[in-house]
There are 2 protein chains.
Amino acid sequence: MARHAQVHVSTVSRALSEDPVGVGTETVRRVRELATMLGYHRDVGAAALRTGNSRLIGVLVPRLTDLVLATIYESIDAAAGTAGYTTVVSNTLDDPLRRRARLDALLSRRLDGVIIGDSHIGDTAAFELQQRGVPYVLVMRKLEGHLSVTTDDQLGGRLAAEHLLSLGHRRVGVIAGDLLASTGLQRSQGFRAAFDAAGYPVEDHYVVNSGFGARAGRIAGDQLMNLSIPPSAIFAVDDLTAVGAMGAIRAAGKRLREDVAIVGYNDVDLAANLPVPLTSVRSALTEMGRLSFEALQRRINGEEAESVLLKPVLIPRATTVEGWE
Amino acid sequence: MARHAQVHVSTVSRALSEDPVGVGTETVRRVRELATMLGYHRDVGAAALRTGNSRLIGVLVPRLTDLVLATIYESIDAAAGTAGYTTVVSNTLDDPLRRRARLDALLSRRLDGVIIGDSHIGDTAAFELQQRGVPYVLVMRKLEGHLSVTTDDQLGGRLAAEHLLSLGHRRVGVIAGDLLASTGLQRSQGFRAAFDAAGYPVEDHYVVNSGFGARAGRIAGDQLMNLSIPPSAIFAVDDLTAVGAMGAIRAAGKRLREDVAIVGYNDVDLAANLPVPLTSVRSALTEMGRLSFEALQRRINGEEAESVLLKPVLIPRATTVEGWE
DNA sequence: TCCACGAACGCAAACGATTGCGTGATGTGG
DNA sequence: CCACATCACGCAATCGTTTGCGTTCGTGGA
C-alpha cells in the first residue's frame with residue numbers, strides 16, 4: 001500500500017486517520033482514493049496492538065434465543081456500531097462454568113469493556129472484571145454495588161398487581177421465573193408486596209419458580225391449574241412464559257380472561273400480535289440496551305457514570321380487560 | 001511474564017502452545033502454573049497479526065430478534081466455540097447499505113471466514129467475498145453457484161400442501177414472506193406447485209407478500225380474511241408470521257382450524273407451546289447452524305466442501321388436525 | 001578421548017499499524 | 001540575503017506473539 005502510493009507507511013496511516021494532520025491535502029486525497037481502489041482496510045487488530053484499545057466490547061447474555069435479550073443485544077450492537085465499536089456476544093446459558101470459559105475467551109481478545117446481561121445472584125463475573133480493571137456495566141439484571149442499567153422491576157410487579165386488584169382478582173398465581181435472576185425475583189416481590197398491602201397475600205404454593213420461555217411457562221401453568229382452587233389470574237414475569245401458561249389455561253378447559261386472566265412482562269413485539277393479545281408490563285428494552293452502551297462508553301473514557309433505573313408501564317390488553325381491541 | 005518465569009518469551013510461547021515441542025517438561029509445567037497464577041492470557045489479536053489467522057468468523061443475519069436466525073446463530077456459535085473460534089454477528093436488517101457497511105467493518109478485523117444467513121436475491125456480498133478470497137458459506141437462504149447449507153424449502157412447501165389437501169382443503173391462502181429471500185419464495189413455490197398438480201391452483205390474490213414476524217403476519221392475515229371468499233386454510237412461510245395470522249383469523253370472528261386451518265414453518269420452540277399448538281414444517285435449525293460452521297471450517301483449511309440440503313418434516317398439531325393433543 | 005547428535009532454550013525478524021521526533025523544503029519577514 | 005517559522009513527510013520504536021535458526025550443554029558410542 002505504501003509502495004503503491006510512493007509514500008511512507010506512516011504517511012498512509014496519517015492520511016487515513018479521521019483527522020489527517022501533518023499531511024498535505026493533495027496527498028491525503030491521493031492515498032484515500034488509492035485505498036478504495038485497492039479495497040484496502042486498516043487492520044483494526046494491528047492498530048489495537050499498538051494503541052491498546054481494541055474497539056471491541058463483549059456482551060454476556062443468558063441466551064440469544066430469548067427474545068428479550070436478543071432485543072437488548074440488538075440495540076447495544078446498534079449503538080456500538082455507530083460509535084465505531086464491534087460487539088462480541090456470548091451465550092452463557094446461565095451456567096457458571098460456561099460463563100467463566102466464555103469470559104476468559106473474551107478477555108483474551110483484550111476487549112475495551114463488557115456488558116453483562118446475565119448477572120446472577122452470587123455470580124463473580126462482575127467482581128472479576130472489577131478486579132482486572134476492565135470497564136463493565138450490568139444490564140437488565142442488577143447486582144448490589146455495580147453500575148447497572150435496569151428497569152424498576154419491583155414497580156413493574158406492583159403495576160401488574162394493582163391492575164389485577166382493580167379488576168377484582170383476589171386469588172392469584174405467580175410464575176416467578178428463575179429465582180437467581182434479579183428480574184424474576186424483584187418482579188414477583190413487588191407483585192406480592194402489593195397484594196400483601198391490599199390484604200390479600202399470595203400463598204406460597206400459588207407461586208411457582210420455573211425457568212424462562214414458553215415450555216417452562218406451560219409446565220408452571222399446568223401446576224397452577226391443578227391446584228384444588230386454581231387462581232383467577234396469573235402474573236408471569238416474562239411474556240413467553242405467559243404464552244406457555246395461556247396454553248395451560250386452555251388445556252385445563254378454562255377460558256382466557258373470563259376464567260383466568262393473565263399478565264406478562266416485557267411487552268415483546270409478539271404480545272400485541274397474539275391471537276388473544278397479552279396484557280404486559282413494558283420495559284424499555286431497546287432504551288436499556290442503548291443506555292447501557294453509553295454508560296460503558298463513559299467508563300471506557302474514564303468518565304463517571306451512574307446507574308439508571310427506568311420506569312415500566314403496564315399495557316392492558318385482552319387477557320385481562322373485556323372488550324379490548 | 002517472560003521475566004517472571006526467568007525464561008525467554010519464545011520459551012513461554014512454546015510452553016503455552018498446545019503441543020509444547022522443544023521445551024523441557026519441567027519448564028512447561030512451571031510456566032503454565034505461573035500463567036494461571038498471574039491470570040495471564042495470550043493475546044489472540046497479537047497472535048493473529050503474526051500467524052495471519054484471527055480465529056474469528058463473522059456471521060451475517062437479517063436480525064437476531066428473529067427467533068429462527070437466533071437459533072441458527074446460537075448453534076453456529078456453539079460449534080465455533082468448541083473449535084476455538086470466536087464469532088461476531090451482525091444484523092443487516094436485510095438492507096443492502098447496512099450489509100455493505102457491516103461487512104466492511106467485519107472484514108477490517110481480518111476474519112478467517114464468514115457465514116451469510118441473510119443472502120438476498122441480487123445480493124453481492126457472496127460475490128465480493130469470493131473475489132476477495134475470504135472463505136464463506138451461505139446458510140438458511142441459498143444462492144445459485146455458492147456453497148450453502150439449507151433445508152429443502154420446495155419440499156417443505158409441498159409437505160404443507162399435501163397435508164392440507166389430505167384434509168380436504170381446496171381454497172387456500174399463502175403468506176409468502178419476503179419475496180427476495182429464497183426461503184419464502186421456494187416454500188410458496190413448492191406449496192403452489194403441489195396445489196397445481198392436485199388440480200386446485202392457488203389464485204394470485206390468495207398469495208400475499210409480507211415481511212417476516214408477528215406484526216407482518218397479522219396484516220397479511222387481515223388481508224386474506226377480507227377477501228370476498230376467505231380461504232379455508234392458510235400456509236405461512238414462518239411461524240411467527242403464522243401467529244400473527246392466527247390473530248387475524250380470530251379478529252375476523254372465525255374459529256381456528258374449524259373455520260380456517262393454518263400451517264407455519266420452522267417449528268420454533270414456541271409453536272408447540274402456543275395456546276393452540278401450531279402445525280409447522282420443521283427445518284433442522286440447529287443442525288443447519290452446526291453444519292454450516294463445519295463446512296466453513298473445511299473451506300478455511302483448504303479442503304473441499306459440498307452444499308447440504310436437509311429434509312424438512314411436517315409436524316401436525318391442533319391448528320389443522322382435530323383432537324390433537 | 002573425541003565427536004556426533006539431540007534436547008532445551010535464546011535470538012531476532014516478522015505481522016500491520018501508530019506516533020514522537022528529526023529533517024528537508026518552502027515560504028516569509030526584516 | 002539571511003534567519004527563522006511552518007509544513008510535509010520519513011525514520012524508527014513499539015505493541016505481543018510466533019517461528020526458523022543458531023547456540024549451548026549433556027550424553028552415549030566408537
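Order of the sequence lines sets the chain letters (A, B, ...), proteins ahead of strands, with each chain counted from 1.
For the pair B:S10 and D:dT18, the criterion of a side-chain N or O lying under 4.0 Å from OP1 or OP2 is not met.
Going from atom NE2 of B:H41 over to atom P of D:dC15 covers 21 Å, rounded to whole Å. In this structure, the CZ atom of B:R50 is 6 Å from the P atom of D:dT19, given to the nearest Å. Rounded to whole Å, the distance from NE2 on B:H8 to P on D:dC21 is 17 Å. Remark: C1' of D:dT17 and CG of B:L16 are 11 Å apart, rounded to the nearest angstrom. Atom CG in A:L49 sits roughly 13 Å away from atom P in C:dT19 (whole-Å rounding). Atom CD of B:Q6 is separated from atom P of C:dG10 by 10 Å (rounded to the nearest Å). Rounded to whole angstrom, the span from the CD atom of B:E26 across to the P atom of C:dA8 amounts to 12 Å. The distance from atom CG of B:D43 to atom P of C:dC15 is 18 Å, rounded to the nearest whole Å.
At the heavy-atom level, B:G24 lies under 4.0 Å from the strands shown only through sugar-phosphate atoms. Counting any heavy atom pair closer than 4.0 Å across all strands shown, B:V9 reaches a base atom. Residue A:T51 is classed as a sugar-phosphate contact, given heavy-atom separations below 4.0 Å to backbone atoms only. In this structure, A:S17 reaches neither bases nor backbone, as no heavy-atom distance under 4.0 Å exists between it and the strands shown.
Taking the six-membered ring for Trp and the full ring otherwise, the centers of B:Y136 and B:H146 sit less than 6.0 Å from each other.
With DNA chain D read from its 5' end, the first of the two nearest nucleotides for A:V21 and B:A47 is the one closest to A:V21. With the nearest nucleotide of DNA chain C identified for both B:V23 and A:S13, B:V23 has the one nearer the 5' end.
Around atom CZ of B:R132, more than 12 heavy atoms belonging to other residues, nucleotides or ligands sit under 6.0 Å away.
The backbone N or O of B:A125 lies less than 3.5 Å from a partner atom in the side chain of B:D123, making a donor-acceptor pair. Although no hydrogens or angles enter the test, the distance criterion places a donor-acceptor pair under 3.5 Å between the side chain of A:H8 and the main chain of A:S10.
In this structure, A:D95 does not pair ionically with A:R99, as no charged nitrogen and carboxylate oxygen lie closer than 4.0 Å.
Within 3.5 Å, a donor on the side chain of A:R14 pairs with an acceptor on the base of C:dG20, or the reverse.
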